[in-house]
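Worksheet: the structure to be examined is printed underneath.
The figures that follow rest on heavy atoms only: side chains count, while hydrogens, waters and symmetry mates do not. Predicted model, so just to flag it, every value in this text is computed and none were measured. Convention: sequence-line order gives letters A, B, ...; per-chain numbering from 1.
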2 protein chains.
Amino acid sequence: MTQQDWPTQLRERGLRVTRQRLAVLEAVHAQPHRPAESVHSTVAEQLPDITVQSVYTVLHDLSAKDLIRRFDPPGAAACYETRTEDNHHHAICTRCGRIEDVDCVHGEAPCLEAPASLGMSIDVADVVFRGLCAACRQTQAESPASVAA
Amino acid sequence: MTQQDWPTQLRERGLRVTRQRLAVLEAVHAQPHRPAESVHSTVAEQLPDITVQSVYTVLHDLSAKDLIRRFDPPGAAACYETRTEDNHHHAICTRCGRIEDVDCVHGEAPCLEAPASLGMSIDVADVVFRGLCAACRQTQAESPASVAA
DNA sequence: GTTTTTGCAAATGATTTGCATGGAT
DNA sequence: ATCCATGCAAATCATTTGCAAAAAC
């Protein structure tokens, strides 16, 4: 629930306000957890001339300024979200790839407690849950074949 | 601490015993958390004719049979380890990329407790810690430049 | 008017795939 | 002898990079 005044947010971070950046922010905000390719198709509906590379550049720049957050699902393309304030986690359906946000577990930042034995000073912990989403559990019970998007 | 009788393990999973598979298993076991490219250079010392693609294929096949485990560091190449029995986690140094194993936190499988509110049935949780390894904390205090391997 | 961004194109890096030969059983 | 695995080559996918033209300030 950001204030969502993109032009202001962009200026505050020293980025110029462009149609493509606004469109990308809008697309990512409306449908989070999608790869660049997918963001591009959405944005292209309004800006037919935007290239995939530009979307990559925009996503990169917005990430660098923390206007969006990049998430790398294991073995899949990077995806993006506008929820940047809290350190929430993600759940991935192993069947359809669907990604859902997961609020921090245990009430308190749980997995941030790294083992003291470790030779590393830990800054953050990212948790990725894997399982079956409701839809896929349903589908699996019926037809073991075919994976939906 | 697997028994480490690779030939037997391979046969048990229905895989033929080949020099390249043994060499890859050995290399991954000796130096875990390395990308395919790096495994290849090690293996190539003994098997100069092995190709990178074969290493990829072997790593893929061994992963499929759970003889090794694949780990995808966010934004970096996949890496592999022979520790497959327990669901341990990983800590990545944000400076040099070094990866260390992390035994399950909290004594018990901690982050496996997914929020009940979630529409997903969770099978596993993978935790990735990010921070600075001992060496890099040292180096950073002295010279803020240059990243060691 | 100056500097940043975009569009366009090509390059890169990681990984997969197809097919014929060589090797394991 | 059979079937699987490797070597070789090409293809694919995600992403980055270089440069000139267009847009934002």
Check: Ser54(A)/Thr57(A) side-chain N/O donor and acceptor closer than 3.5 Å
no
Quickly work out the Asp72(A) CG to dC13(D) C1' distance and round it to whole Å.
15 Å
For Arg16(B) and Val55(B), take the nucleotide of DNA chain D holding the closest heavy atom to each; which residue's nucleotide lies nearer the 5' end?
Arg16(B)
To the nearest Å, how far apart are Arg19(B) CZ and dT6(D) P?
10 Å
Heavy-atom nearest nucleotide on DNA chain D for Arg11(A) versus Thr18(B): which residue maps closer to 5'?
Thr18(B)
Asp86(B) vs Arg83(B), salt bridge (charged side-chain N to carboxylate O under 4.0 Å, His left out): CA-CA, chis, key distance, verdict
CA-CA 7 Å; Asp86(B) 60 344; Arg83(B) 184 174 168 186; 2.7 Å; yes
NA contact type, Ser54(B), heavy-atom cut-off 4.0 Å: base, sugar-phosphate, or nothing?
base
Would you indicate, yes or no, if dT16(D) has its OP1 or OP2 atom less than 4.0 angstrom from a side-chain nitrogen or oxygen of Tyr56(A)?
no
Any residue meeting ring-ring contact (aromatic ring centres under 6.0 Å, His included) with Phe71(B), in chain and number order, not counting sequence neighbours
His90(B)
Return the value, rounded to whole Å, for the distance between atom NE2 of His60(B) and atom C1' of dT6(D).
16 Å
Classify Asp49(A) by what it touches in the nucleic acid, base, sugar-phosphate, or nothing, heavy-atom distance under 4.0 Å.
sugar-phosphate
With heavy atoms under 4.0 Å as the rule, sort Val58(A) into base, sugar-phosphate or nothing.
sugar-phosphate
Between Gln20(A) and dA23(D), is there a contact of a side-chain N or O with OP1 or OP2 at under 4.0 Å?
no
Please identify the 5'-most and 3'-most nucleotides of DNA chain C with any atom under 4.0 angstrom from a heavy atom of chain A.
dT3(C) to dA10(C)
Closest of dT16(D), dA14(D), dC8(D) to the Glu37(A) side chain is dA14(D)
Distance, rounded to the nearest Å, where His40(A) contributes NE2 and dA14(D) contributes P:
14 Å
Specify the separation, in whole Å, of atom CG of Leu47(B) and atom P of dG7(D).
8 Å
Examine the side chains of His33(A) and Asp101(A) and answer whether a donor and an acceptor come within less than 3.5 Å of each other.
yes
Gap between atoms CG and P, on Asp61(B) and dC3(D) respectively (whole Å)
19 Å
For a quick check under 3.5 Å, do Glu81(B) and His88(B) share a side-chain donor-acceptor pair by atom type?
yes
Can you measure Arg21(B) atom CZ to dC4(D) atom P for me and round it to whole angstrom units?
11 Å
Take atom CG of Leu15(B) and atom P of dC3(D), then tell me their distance rounded to the nearest Å.
18 Å
More than 12 foreign heavy atoms under 6.0 Å from CZ of Arg19(A): is that the case here?
no
Between Thr42(B) and Arg34(B): side-chain donor-acceptor atoms closer than 3.5 Å:
yes
Remember a base hit wins even if backbone is also touched, and classify Val17(B) as base, sugar-phosphate or nothing at under 4.0 Å, heavy atoms.
sugar-phosphate
